[in-house]
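One structure is given here, and the rest of the page talks about it.
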Amino acid sequence: MEIAHIRALKQGGPRYTAELSIEERNAFANLILLCTPHHKTVDGPRRENYQVSLLERWKRDREAAGHEALAGLMGMTEEKLVQMIVEANRQLRDQLGPALDEFARTAPELAALLRTVTKQVTDVRRHHFPDEDIAQMLVYAADRLGHLEDSATELREAARMLAPLSDQAEEWHSAARATREAADAMLEAKYAG
């Protein structure tokens with residue numbers, strides 16, 4: 001996603017309006033969030049097809065449901081935003097906790113690893129103020145792990161069914177080690193030659 005100007009920031013840009021100050025051109029009311037291909041289309045060679053009125057209508061339609069939420073952000077400071085993120089992270093950990101507890105019954109090492117990763121990812125103090133990439137990773141992780149609690153029973157049953165295979169674990173470990181050593185030797189030979 002990219003932030004696009006409805007009326008161009010600079011003279012000569014798409015839909016430039018000289019009457020607007022630089023502050024007005026950079027104001028939230030003059031900005032719209034577009035995916036990269038649409039941003040290129042709207043500001044591209046056929047930009048005349050995308051008049052101010054059309055882009056403003058897109059903005060109104062897209063943001064209509066969020067106006068109440070945005071109104072609640074008035075007076076937002078970095079400190080308040082960090083507090084909101086900390087609370088969201090706490091809620092995420094609280095939601096994942098029961099699923100990881102259930103998961104720990106069948107795969108304790110993996111559950112411990114997931115707990116550590118969750119703690120590190122959601123600790124705002126560790127990362128200071130999260131940037132956009134971290135926020136997107138958190139959303140992705142929450143989405144991917146959100147259904148873990150629903151699958152805990154299935155995972156436990158799968159682990160029970162796979163338990164007899166644990167007798168072969170040492171053989172698998174040896175095979176994996178041998179494979180890794182062979183791959184390393186092949187890479188060394190490739191780069192040595």
Side-chain angles (χ1 to χ4, degrees), residues 1-100 103 113-151:
M1 297 301 271
E2 297 180 356
I3 298 174
H5 286 84
I6 294 174
R7 293 170 192 84
L9 178 63
K10 297 180 181 175
Q11 187 173 358
R15 301 165 303 278
Y16 178 78
T17 305
E19 294 78 33
L20 295 179
S21 69
I22 187 99
E23 290 83 16
E24 290 170 315
R25 284 179 262 155
N26 276 320
F28 182 75
N30 191 46
L31 302 175
I32 186 170
L33 193 60
L34 298 172
C35 65
T36 303
H38 281 107
H39 190 183
K40 288 179 180 178
T41 300
V42 163
D43 288 352
R46 298 190 337 179
R47 62 180 75 169
E48 67 277 353
N49 294 337
Y50 301 95
Q51 299 298 315
V52 168
S53 59
L54 174 64
L55 296 177
E56 286 178 335
R57 188 176 79 232
W58 286 1
K59 180 177 175 69
R60 268 191 319 274
D61 292 348
R62 193 172 298 154
E63 296 173 358
H67 276 279
E68 284 184 34
L70 289 174
L73 296 178
M74 294 301 181
M76 178 60 69
T77 64
E78 186 173 320
E79 182 180 327
K80 286 180 183 177
L81 183 57
V82 168
Q83 288 173 346
M84 290 173 66
I85 292 170
V86 167
E87 176 60 21
N89 288 336
R90 185 195 59 74
Q91 290 176 3
L92 172 64
R93 283 193 309 265
D94 290 351
Q95 290 173 352
L96 286 176
L100 292 174
F103 195 50
L113 176 62
L114 287 172
R115 282 186 202 285
T116 301
V117 169
T118 301
K119 183 177 180 184
Q120 288 176 353
V121 169
T122 58
D123 186 357
V124 175
R125 292 167 296 171
R126 171 185 289 270
H127 302 289
H128 305 291
F129 193 74
D131 64 17
E132 182 180 347
D133 292 337
I134 292 172
Q136 287 177 347
M137 286 179 358
L138 284 171
V139 169
Y140 177 76
D143 184 51
R144 299 287 291 186
L145 295 173
H147 304 291
L148 187 59
E149 186 173 359
D150 298 336
S151 356

statement: Between L9 and Y16, the two heavy atoms sitting closest are O-CE1, 3.9 Å
- prompt: Any donor and acceptor pair, going by atom type alone, linking the side chain of K59 with main-chain N or O of L31 inside 3.5 Å?
  reply: yes
- prompt: What distance separates L34 CG from D43 CG, expressed to the nearest 0.5 Å?
  reply: 8.0 Å
message: Minimum heavy-atom separation for R7 and V52, please, with both atom names.
response: NH2-CG1, 3.3 Å
task: Give a yes or no on this: more than 12 heavy atoms of other residues, nucleotides or ligands lie within 6.0 Å of atom CD of Q11.
output: no
task: Please round to the nearest 0.5 Å and tell me the distance separating atom CG of L54 and atom CD1 of I6.
output: 10.0 Å
Pair Q91-Q95, side-chain donor/acceptor within less than 3.5 Å: no
field: Heavy-atom neighbours of H38 NE2 exceed 12 at 6.0 Å
entry: no
task: Mind listing the closest non-hydrogen atom pair of R47 and R15 along with its distance?
output: O-NH1, 4.1 Å
message: Please report the interatomic distance CG(D94) to CD(E87), rounded to the nearest 0.5 Å.
response: 8.0 Å
query: Going from CG on L33 to CZ on R62, what distance comes out if it is rounded to the nearest 0.5 angstrom?
result: 6.5 Å
- prompt: Of the non-hydrogen atoms in Y50 and L55, which two are nearest, and what is the gap between them?
  reply: O-CD1, 4.1 Å
message: For R25 versus A8, what's the shortest heavy-atom pair and its separation?
response: CD-O, 3.2 Å
